Participant: 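Below is a structure I'd like to ask you about.
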Amino acid sequence: MSTFPCSLANSRPRLVLFLTLWCSVISSMVVGSSARVHHYKWDVEYMFWSPDCEERVVMGINGQFPGPTIRAKVGDIIHVDLTNKLGTEGVVIHWHGIRQLNTPWADGTASISQCPINPGQTFAYRFVVDKVGTYFYHGHYGMQRSAGLYGSLIVELPKGQNEPFHYDGEFNLLLSDWWHQSIHEQEVGLNSNPMRWIGEPQTLLINGRGQYNCSLKPNFGNSSSTQCKFNGTEQCAPQLLSVLPNKTYRVRLASTTALASLNIAIGNHKMVVVEADGNYVQPFEVEDLDIYSGESYSVLINTNQNPNQNYWISIGVRGRQPKTPPALTLLHYKGVSAKTLPTGSPPVTPVWNDYNHSKSFTKQIFSLMGSPTPPSKFDRRLVFLNTQNKINGHIKWSINNVSFVFPPTPFLGSVKFGLKHAFDQTSPPEDYPRDYDIKNPPPNPNTTTGSGVYKIEYNTTVDIILQNANALNANTSEIHPWHLHGHDFWVLGYGEGKFTKEDEAKFNLKNPPLRNTAVIFPYGWTALRFVADNPGAWAFHCHIEPHLHMGMGVVLSLAVDRVKDIPSDALSCGLTAKMFLKKRYVP
């Protein structure tokens, strides 16, 4: 590993940013000659499956659920020819955490970076994976993530480079939640007046596997009273983590849940957190770990316990009343029968509304020494008030009193070609009234829908303050994990109540973690900072799928004029399609 100039961690922020970019260029030059193209042909289709031992219809890829795992090395090219075989609906796939440098049309966000892929059509996703880390992919059209359209994406260091920690083996856990009702039923319910909420998910899944009508530990939590009996071939049979004694294992965790915030614990084994959202962090030890939708982590475990028994792995719901039973599997010490269940009870998930426990974990995350540090000052600040509102009787989520709606023409094309009738030209609000009471809000009679964009100047430093407030139900403020496409951001800090200028003194400018997803806690605020150096049209939204569906998101338009060579089939809908037909123009 290079020690100069790439490790000048204490230099001035602008210098560090320059050196980071310089090192990225040099690194790309080094790995470029050995970069590999990973070519996949994927068919997305509905199929019968039994994720939790109850047969339902899931959305799969090439007959698999979850979808195939992609493994590549930094600098490699991923090429996916995605064919839509759904029959009656469009589809896209978002590559969560991949920044899409120079390929914003491959981000996979319907109405923002591309048109939905129509039934029978094939779209080519081709992009470079530029950063090491634990990532995943998922549907980003309607509520297709809830239907099971997701899979893992792991990016490793180039050959000859080493991680800043040692491990002997590795496991990958993709966490999700699962409803027995279809996504179409959920969508209709969310759009109804009055809203019909289908309720909490029936099951939590680990790598697409869970148990609904039985339990590995009957009557644990609110689990079934029936003991599961598996022969190992069932689609819902748990995948065990089989280990050797006295070894160190890396466990990659990623949450693609549509609703649930989760907590994971391993009986008698502590975890050392070493990675968050594809960025190294200062290692710290925990008994359990909270993970919100859109987040990913790597933890190290040491198999130093009694090798003559197995140990529970327990995953439970946080942030909502846990009506969904915990997910269970085993840390299986080889030499012990895989059928031997632990004698004790699984780890108990912390109380769902113990937010101090959540905050304690989140506030332990700091970037590893030598990581890029943020600029000391910002050029622009956006303050986003998160509220729940009603518009003509329909329940919506809003940002600064505007509930986002997706236009039929992708922003990447409409902004690029100046199609002013494709979306709202009025700039959305950059703040909210200072006299707004976040705990006792007004009924918000002026709440509107909108499709305007925040236009961001290239290479500027932008602060985003996420401000949480009361929901429509009295004394209720929900957790919201926010995900930014196209960039990582520094999490400068968290606070209680309403953010004020005096809170800037609490910002961590020394070693804030770099993330692509960050949570805001009930009635609190979270401060983010990023450098707008990646041209494109980028979504920034709550990663809880029903919340985004109900308007909880914004779009950042960043130097789209610099974007070149947009594939025509990315824009073959709406006004861009009409423009191509009229002008016979192919970009």
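All values reported here derive from a predicted model rather than from experimental measurement. Every heavy atom of this structure was used, including side-chain atoms; hydrogens, water molecules and symmetry mates were not.
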Participant: Sorted by first residue and then second, give each disulfide bond (SG atoms under 2.5 Å apart) pair with at least one member in residues 104-154; sequence neighbours left out.
Facilitator: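 Listed once each, the pairs are Cys115-Cys573.
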
Participant: Checking side chain to side chain contact (heavy atoms under 4.5 Å, CB included) for the pair Phe423/Val415: CA distance, chi angles, key distance, verdict?
Facilitator: CA-CA 9 Å; Phe423 62 93; Val415 174; 3.8 Å; yes

Participant: So, for Pro66 and Leu174, which heavy atoms are closest and what is the spacing to 0.1 Å?
Facilitator: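 The pair with the smallest heavy-atom distance is CB-CD2, 4.4 Å.
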
Participant: Less than 4.5 Å apart, side chain to side chain, heavy atoms only: is that true for Gln161 and Lys73?
Facilitator: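 Result no, sub-4.5 Å side-chain heavy-atom pair not found.
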
Participant: Within 45° of the six-membered ring axis of Tyr458 and under 6.0 Å from that ring's centre, is NZ or CZ of Arg562 located there?
Facilitator: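 Output yes; distance and angle both within limits.
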
Participant: Just by distance, no angles: are the side chains of Asp81 and His39 close enough, under 3.5 Å, to form a donor-acceptor pair?
Facilitator: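 Yes, because at least one side-chain N or O of Asp81 sits under 3.5 Å from a partner of the opposite role on His39.
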
Participant: Which pair of heavy atoms, one from Ile61 and one from Tyr137, lies closest together, and at what distance?
Facilitator: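 It is CD1-CE1, 3.8 Å.
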
Participant: From the options Asn508, Leu509, Ile464, select the one residue that forms a side-chain contact (heavy atoms from CB on, under 4.5 Å) with Leu492.
Facilitator: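 Among Asn508, Leu509, Ile464, the one meeting side-chain contact (heavy atoms from CB on, under 4.5 Å) with Leu492 is Leu509.
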
Participant: Does this structure show an ion pair linking Lys85 with Asp43, if we count only N-O contacts that are shorter than 4.0 Å?
Facilitator: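 Yes.
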
Participant: Using a strict cut-off of less than 4.0 Å between a Lys/Arg side-chain nitrogen and an Asp/Glu carboxylate oxygen, indicate whether Arg250 and Glu163 qualify as a salt bridge.
Facilitator: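 Yes, Arg250 and Glu163 are salt-bridged.
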
Participant: Taking NZ, NE, NH1 and NH2 as the nitrogens, is one of them in Arg71 or Glu170 under 4.0 Å from a carboxylate oxygen of the other?
Facilitator: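 Here Arg71 pairs with Glu170 in a salt bridge, since their nearest N and O are under 4.0 Å apart.
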
Participant: Verify the ring-centre separation between Tyr150 and Phe65: is it less than 6.0 angstrom?
Facilitator: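 Ring centroids of Phe65 and Tyr150 are less than 6.0 Å from each other.
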
Participant: Given 3.5 Å as the limit, does a donor-acceptor pair link the side chain of Thr329 with the main chain of Ile313, or not?
Facilitator: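 Answer holds: no.
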
Participant: With under 30° as parallel and over 60° as perpendicular, where do the rings of Phe284 and Phe361 fit, or are they tilted in between?
Facilitator: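 Tilted: the ring planes of Phe284 and Phe361 meet at 30° to 60°.
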
Participant: The test is ring pair (Phe, Tyr, Trp, His ring centres under 6.0 Å); show your working for His96 and His485 and say whether it passes.
Facilitator: CA-CA 8 Å; His96 188 106; His485 294 226; 7.2 Å; no

Participant: Compute the ring centroids of Phe127 and Tyr125, then answer whether they are less than 6.0 Å apart.
Facilitator: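 No, ring centres 6.0 Å or more apart.
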
Participant: Under 4.0 Å between a side-chain nitrogen and a carboxylate oxygen: does that hold for Glu295 and Arg515?
Facilitator: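 Salt bridge flag = yes for Arg515 with Glu295.
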
Participant: For His138 together with His140, are the ring centres under 6.0 Å from each other?
Facilitator: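 For His140 and His138, the ring centres are under 6.0 Å apart.
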
